[in-house]
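Let me begin by presenting the structure, written as structure tokens, before commenting on it.
A, B, ... follow the sequence lines: proteins, then strands. Residue 1 opens every chain.
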Amino acid sequence: MSRYTAAEIEANWQKAWDEAEIFRATHSADKPKYYVLEMFPYPSGRIHMGHVRNYTMGDVIARHKLATGHNVLHPMGWDAFGMPAENAAMAIGGHPKEWTYNNIADMRGQMKPLGLSIDWSREFATCDPEYYGQQQALFLDMLKAGLVYRKNAVVNWDPIDMTVLANEQVIDGKGWRSGADVERRELTQWFFAISDMAEELLSALDGLENWPAKVRLMQENWIGKSRGLQFAFGLIDGPDGQDRIEVYTTRPDTLMGASFIGISPDHPLAKQLESDNPELAAFCAEVRKGGTTEEALEKAEKRGFDTGLRVRHPFDTSWELPVYVANFVLMEYGTGAIFGCPAHDQRDLEFSRKYDLPVVSTYVPFEAEYHAPEDGGDAYVPPKTERVLYTRGFAGEEVQTGLEAIDAAVDFCEGQGVGQGVTKYRLRDWGLSRQRYWGCPIPVVHCDTCGVVPEAKENLPIRLPDDVTFDIPGNPLDRHPTWRQTTCPRCGADALRETDTMDTFVDSSWYYARFTAPHATTPTDMAEAEYWMNVDQYIGGIEHAILHLLYSRFFARAMQITGHLPKKAIEPFNALFTQGMVTHEIYQTIGDNGRPVYHLPEDVTDGRLADGTEVQIIPSAKMSKSKKNVVDPAQIISAYGADTARWFVLSDSPPERDVEWTASGAEAASKHLARVYRIVSDIVASDDADAPDADEALLRDMHKAIQAVSAGVEAFGFNAAIARLYAFTATLAKSTAGTAAKRQAATALAQLMSPMTPHLAEELWSMLGHSGLIATAPWPQADPAMLIDAAITLPVQVNGKRRAEIQVPQDMPKDQIEKMAIEAVQRALDGATPKKVIVVPGRIVNIVV
RNA sequence: GCGGGCGUGAUGGAAUGGUAGACAUACCAGACUUAAAAUCUGUUGGGCGUAUGCCCGUGUGGGUUCGAAUCCCACCGCCCGCACCA
């Protein structure tokens, strides 16, 4: 009997698949298409277990679809532009291009042994001029369509990476990559007009039924739609030309409780006043400088600067309110000015107490023991759905919910000519300019006479120059001796190229479309896009729930507007699945300096290092180099084979949750695969043709397994599918059936395992004497008749507690089941007469006494 | 603060409102072996009992239901997203 040797088997079958070109995606009229895509990797140089899990899931889907008669597109590429390449060039010398392409070659080399069913003929990297040239063409079309524009803007400047960041890339006031405190600078930048599509991007979320609700909700919150009233307070004796302050509020029902106006330090009025008020200027400067981190904001006192100006309340001209420049008012949201209502907003209340401003409730709750904010209590902010008593509403005293009162207030104010109801979105335009080298050059030219001129399409791609240096910070394109010099595409005069490159999120916002025609001489080929789009199943990490997925949704729309995608691709990803991380325990000892020292899993055996030192085990966390809790897929593959790694990352945990990598788990997976191999070898070697073939139980279990595993694979229930395969394997191992039945069951087992462990499955298929490849063999079908057992076991409950079991024929009439059930639980009934008998067919009997 | 999710054995987890703990890990026991490894078999939620069995049990407390891990309400704990957003 031969032994299971993963290395040999896996190499052989990978070669066979390559030679047969079974994963090459082609059109076919008689098969439905299926496009499965995993979020493409950044070429850091090494694949990690997270990649293995992600791509294995996609591969299971792809292989299952292939076997169920679909025309599958399953491509792979590289998200290859970005800062790490430049950082590497700065740190260790060399060139980002070289570094990137070497990494790609390395990672491809690590990925191929996984045996993924990828159409490698479609592979590309976003740093290929062939790709980014088309991205430039797309940019020019978007520019023409008004989807890109240039403006002067206060931007988030990352002082370490020396570049601008999008709002989405600022996390807690720090750069998402560098972690540096972000500064505010005013620069001329390119923007995608994504906010114009806010409503569309929001309302279309409803149609994404096969996206996780969590992701849809996160996007909804990010877009941040709010409905409110925008109106003006009349300014008394304002500076030159200023006679009003526009404010926006979502709570116009509290307008009669207003006690001050707060404006942002960046508000035009504040800036105007600043010029002849050094004290105010100092205050504003201090606020602008202030940290925007969570802790800083938490601790930051609500502070204001009384401008001395007063406004009139729109509904009572004798009512004057002071105008403060307040440190908590943001210029970026609404109008950059608010009215403060301390009775119904805790922040406004704190501010009012500090500056001794009046506190007036507009509504109160019904409870008697209510401690009003006027008397030192907290601000009263009930849910908008709660009914409260309005004491200072617009229609006199009445009981209303906040929602009703807000609507009524908007109507009333509009009727009185005080402002209008408006809808606002938190989503802001996407700034795409980056002052970096390793990115897609923005294809425009600055001409002294013509201004900013789009490059001519025939000049594309605008290639990055290779001869650049990284010895000093900043953008090497800026200081390149000749690259900038060009001629104006419009007037032919000498002109300068734009040296900003595009945010790398642009690259990943349309790659899924490029995969449908990776070598087209336009961004996409409409016929191919029409055939392959949309992505039927997209799989990736939850960390991309907002940025990448929102940008991609925007791009799909932009590409439709510019004629690069068909209408049906307006939402590019029909279904989205967000998989969990692969985690591992952390092994730590305390070093001489009292600091923790981390140890790699391969250096720890039974909780001890090689020298016998005991390590402290810290609970499982995301694999990270700094904590050394990393398992290298390449090592696992060489130790156990790819099938073991694939099997393990799919088992144990549901795919959307984190899975903990354990050595014992990997060992167990490996043993199981070897066991399956052995069982099938034995079946092939034996000849029990004379054994009673009547072991129907085996074939029944086979059909049930086909049913359960198929359902599991289709519904991302990989862990449950694998559990079922363990059980079916046990049935097969113990079966006393004849060879023919066993061979049939073994064949089904191989097929059901084939999406997860494709190499072993091919080997078993071949051992069992089947011709061709299991990868392309039709998926087994469950026979409905075999799923129903002739006799079934019914638990019998008395008052909801299980007291007995009865064996009944599948089709026994209800009244007979009742009779049998009552008989079976005579003792538990203890003479009592059943009041009611509930028979749930095929499930349970419950007797109520 | 706002929004969302989760809580089941020693562990990962399973369970269309219908036998809670499938499957796996770990542990324990047995078979094979001179021995070990490998392999195979069995046990394992808690408690009571010689036993047929009985009681308890899905974070806590209540509710709906013939029947609740699952649905509803409140609370506790953990996790995630957003956040001086007016």
Touch class at under 4.0 angstrom, heavy-atom based, for Lys801(A) against every strand present = sugar-phosphate
request  = Spell out, as yes or no, whether a donor-acceptor pair under 3.5 Å connects the side chain of Thr757(A) to the backbone of Leu760(A).
outcome  = no
message = Let me check I have this right: for RNA chain B, each base becomes ., (, ), [, ] or |, based on Watson-Crick or G-U pairs with both distances under 3.5 Å. What is the full string?
response = (((((((..(((.....[....)))(.((((.......)))).)((((....))))..(((((..]....))))))))))))....
ask   = At under 4.0 Å between heavy atoms, what does Arg216(A) touch on the DNA or RNA strands: base, sugar-phosphate, or nothing?
value = nothing
request  = Would you confirm whether the ring centroid of Phe505(A) sits within less than 6.0 angstrom of the ring centroid of His548(A)?
outcome  = no
request  = Please tell me which of the listed nucleotides, G42(B), A83(B), A86(B), lies nearest to the side chain of Arg426(A)?
outcome  = A83(B)
remark   = From CG of Asp348(A) across to C1' of C85(B) the rounded distance in Å is 13 Å
query = Closest to the Leu217(A) side chain: A86(B), G3(B), C84(B)?
reply = G3(B)
task = Tell me what Tyr726(A) touches on the nucleic acid: a base, only sugar-phosphate, or nothing, going by heavy atoms under 4.0 Å.
result = sugar-phosphate
note = Closest to the side chain of Ala723(A), out of A86(B), C23(B), G42(B), is C23(B)
task = May I ask you to say what Val837(A) touches in the nucleic acid, namely base, sugar-phosphate or nothing, with a heavy-atom cut-off under 4.0 Å?
result = nothing
ask   = How many Å lie between CG on Asp701(A) and C1' on C23(B), as a whole number?
value = 13 Å
message = Using a 4.0 Å heavy-atom cut-off, does Lys671(A) contact any base of the nucleic acid, only the sugar-phosphate backbone, or nothing at all?
response = sugar-phosphate
request  = Could you check whether Leu330(A) gets within reach of a base, just the sugar-phosphate, or nothing at all, counting any heavy atom under 4.0 Å?
outcome  = base
ask   = Which parts of nucleotides 8-19 of chain B does protein reach within less than 4.0 Å, heavy atoms only, written one letter per nucleotide 5' to 3' as B for base, S for sugar-phosphate only and - for none?
value = ----BSS-B-BB
task = Determine whether the side chains of Glu585(A) and Ser620(A) contain a donor N or O and an acceptor N or O closer than 3.5 Å.
result = no
request  = Compute both the distance and the angle, then confirm whether Lys424(A) meets the cation-pi test with Tyr248(A): under 6.0 Å from the six-membered ring centre, within 45 degrees of the axis.
outcome  = yes
query = Do the side chain of His313(A) and the main chain of Leu255(A) share a donor and acceptor less than 3.5 angstrom apart?
reply = yes
task = Apply ring-ring contact (aromatic ring centres under 6.0 Å, His included) to Phe648(A) and Trp661(A), showing your working.
result = CA-CA 8 Å; Phe648(A) 180 73; Trp661(A) 183 275; 4.6 Å; yes
Anti/syn call for G21(B), syn if |chi| within 90° = anti
remark   = Gln826(A) CD to G53(B) P, in whole Å, measures 16 Å
key: Pair Tyr355(A) + Phe260(A): ring centers closer than 6.0 Å   = no
query = Which part of the nucleic acid does Ser651(A) contact within heavy-atom distance under 4.0 Å: base, sugar-phosphate only, or nothing?
reply = nothing
